[in-house]
2 protein chains.
Amino acid sequence: MAGFIGKEQHTVDDKGRLLIPARFRRKFLQQHEDPGVGLQGRLPVLYVLKSDDGSLELYEPSVWNEKERQLLKLSDFNPDERLLTTMIYARLEQADLDRSGRIALSRDMLSHAGIEKDAVIIGANVKMIVWEPLRLQRLLEENAGRFSRLASRYV
Amino acid sequence: MAGFIGKEQHTVDDKGRLLIPARFRRKFLQQHEDPGVGLQGRLPVLYVLKSDDGSLELYEPSVWNEKERQLLKLSDFNPDERLLTTMIYARLEQADLDRSGRIALSRDMLSHAGIEKDAVIIGANVKMIVWEPLRLQRLLEENAGRFSRLASRYV
DNA sequence: TTCAAGGTGGGGAAAAGTGGGAAAAAGTGG
DNA sequence: CCACTTTTTCCCACTTTTCCCCACCTTGAA
């Protein structure tokens, strides 16, 4: 399932369109008919979630649905659980790919990530993470010293 | 599985292509049909990871997948675990072998390792380590004195 | 010295990425 | 319900990159 790997930088145009790298597109087009650029039939869709760290996450439906099942278990009446539901769905959007393989990101999403012109898309296996390039660079530099400690703790 | 042993020096051309030594290629081509240079059918793939010490690591899929299973356990919402996910995947790339047994390394990867023309590939059993030749030489010279102490502690 | 295998380089076709005009759709107000 | 404005999306054209394929060079073995 999925298997997005690699980092690419692309431009977001005036219309807020961001290209999903062809390599990644192929990953979730295998379940559809056409592997090429011209995608006939039903156009794929991605779920876009604002992340706490100032990035955006892109999930393909099958992966997001997995998470959604957890969310459905939350009570409508337990205050904490209800709050969480509200918070998550307030951060979530759906984005359809156009026929050139791009998604249109809303102003809201773009400003959350601080994206104006350029965006880096990181393939993180099961999802994609979208960063404003300088913001990502800053994050990585500031936390470079913590890497080996974290990595050896978890992996 | 794997069993890469030996050190080789090769050139990286203008297109950033690096030859995987035939000897190593055979190791992970055994699971495919053709042991020779002309590889028909699906081309093998390697995972390339930027290393903290200024080198690059090449993993064959079966080995990397092992690590990936650990990464899948990390939370999307725990700040530390999320940071680690970002850091790792920002350092990772996938590289397909072409029909001559080469991988194309991105500018990003090459500059991380300081590679312009030449590269040394060290077989380290389960992975390969790629160094800019002088950088490797310097590392080894500067740390020559620490060898016996480290070795006797761990081996 | 001839052959085979491994290694190196490059031209050119195909694919991917980028941007913009124009049609279509959706939203807004009278 | 209609007219107007704004947004979306489809399509096309241009540019850049990738990668496929072939040719050549070197080395070591027969």
Side-chain angles (χ1 to χ4, degrees), chain A residues 4-30 34-46 48 58 93-111 115-121 123 128 130 133, chain B residues 4 6-29 34-46 48 93-110 115-121 123 128 130 133:
Chain A
F4 308 122
I5 298 293
K7 192 178 71 176
E8 300 207 10
Q9 175 152 346
H10 289 296
T11 59
V12 174
D13 64 25
D14 296 347
K15 299 178 183 178
R17 294 180 299 189
L18 173 67
L19 185 89
I20 305 301
R23 186 157 33 111
F24 294 172
R25 255 147 51 204
R26 278 191 219 98
K27 293 286 181 186
F28 56 84
L29 283 177
Q30 283 158 4
D34 187 328
V37 177
L39 347 148
Q40 39 258 38
R42 76 185 61 262
L43 293 176
V45 65
L46 290 174
V48 188
L58 306 182
E93 261 177 34
Q94 215 174 354
D96 303 89
L97 274 78
D98 70 15
R99 274 165 219 280
S100 326
R102 295 173 288 193
I103 55 173
L105 293 171
S106 68
R107 290 247 157 276
D108 188 30
M109 287 292 169
L110 289 172
S111 78
I115 292 172
E116 303 213 325
K117 183 104 188 54
D118 295 303
V120 172
I121 304 184
M128 303 173 222
V130 181
Chain B
F4 308 123
K7 192 177 71 175
E8 300 206 10
Q9 176 153 345
H10 290 294
T11 59
V12 175
D13 66 26
D14 294 347
K15 297 181 181 176
R17 293 179 299 190
L18 173 67
L19 185 89
I20 305 302
R23 186 159 33 118
F24 294 171
R25 253 148 52 206
R26 279 191 217 96
K27 292 288 181 185
F28 57 84
L29 283 177
D34 186 330
V37 176
L39 346 148
Q40 38 258 38
R42 77 184 59 263
L43 295 175
V45 65
L46 288 174
V48 188
E93 258 176 36
Q94 217 173 359
D96 303 88
L97 274 77
D98 69 16
R99 271 163 224 283
S100 326
R102 295 173 289 192
I103 56 174
L105 293 171
S106 68
R107 289 245 157 276
D108 190 30
M109 288 291 169
L110 290 171
I115 293 171
E116 302 213 326
K117 184 103 189 56
D118 295 303
V120 173
I121 303 184
M128 303 173 225
V130 181

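Chain naming here is simple, since letters A, B, ... match the order of the sequence lines and numbering starts at 1 in each.
The distance between atom CG of B:D13 and atom P of D:dC25, rounded to the nearest whole Å, is 17 Å. In this structure, the NE2 atom of B:H10 is 16 Å from the P atom of D:dT26, given to the nearest Å. Here the C1' atom of nucleotide C:dG11 and the CG atom of B:D14 are 14 Å apart, to the nearest Å. For the pair A:I103 CD1 and D:dT8 C1', the interatomic distance rounds to 15 Å; values are reported in whole Å. Look at CG on B:D98: it is 9 Å from C1' on D:dC20, rounded to the nearest Å. If you measure from atom CZ of B:R99 to atom P of D:dA23, you get 16 Å, rounded to the nearest angstrom. Distance A:I121 CD1 to C:dA16 C1': 13 Å, rounded to the nearest Å. Remark: C1' of D:dC20 and CG of B:D96 are 13 Å apart, rounded to the nearest angstrom.
The side chain of B:R25 sits closest to C:dG7 out of C:dG20, C:dG7, D:dC10. For A:T11, taking side-chain heavy atoms from C-beta onward, the closest of the listed nucleotides C:dT18, D:dC19, C:dT8 is C:dT18. Which of C:dG17, C:dG9, C:dG19 sits closest to the side chain of A:K117 comes down to C:dG19. Side-chain proximity of B:R17 to the nucleotides D:dC21, D:dC11, C:dG19 is greatest for D:dC21. Of the candidates C:dG10, C:dG6, C:dG17, the closest approach to any side-chain atom of B:R26 belongs to C:dG6. Among D:dT9, C:dG7, C:dG17, the nucleotide with an atom closest to any side-chain atom of A:K15 is D:dT9. Closest to the side chain of A:R102, from the set C:dG20, C:dA15, C:dG9, is C:dG20.
Surrounding CD of A:E116 are at most 12 heavy atoms belonging to other residues, nucleotides or ligands under 6.0 Å away.
Partner B:L18 forms a side-chain contact (heavy atoms from CB on, under 4.5 Å) with one of B:M109, B:R102, B:H10 and no other, that one being B:H10.
B:L97 CG to B:I20 CD1: the interatomic distance, rounded to the nearest 0.5 Å, is 5.5 Å. Annotation: the span from B:R23 atom CZ to B:I121 atom CD1 amounts to 10.0 Å, rounded to 0.5 Å. Once rounded to the nearest 0.5 Å, the distance linking CZ of A:F24 with CG of A:L46 reads 11.5 Å.
Of the nucleotides present, D:dC2 is the one that pairs with C:dG29 by Watson-Crick or G-U wobble criteria, both distances under 3.5 Å.
Using a 4.0 Å heavy-atom cutoff across all strands shown, B:E8 reaches sugar-phosphate atoms only and no base atom. If you check every strand for non-hydrogen atoms under 4.0 Å, A:R23 touches nothing.
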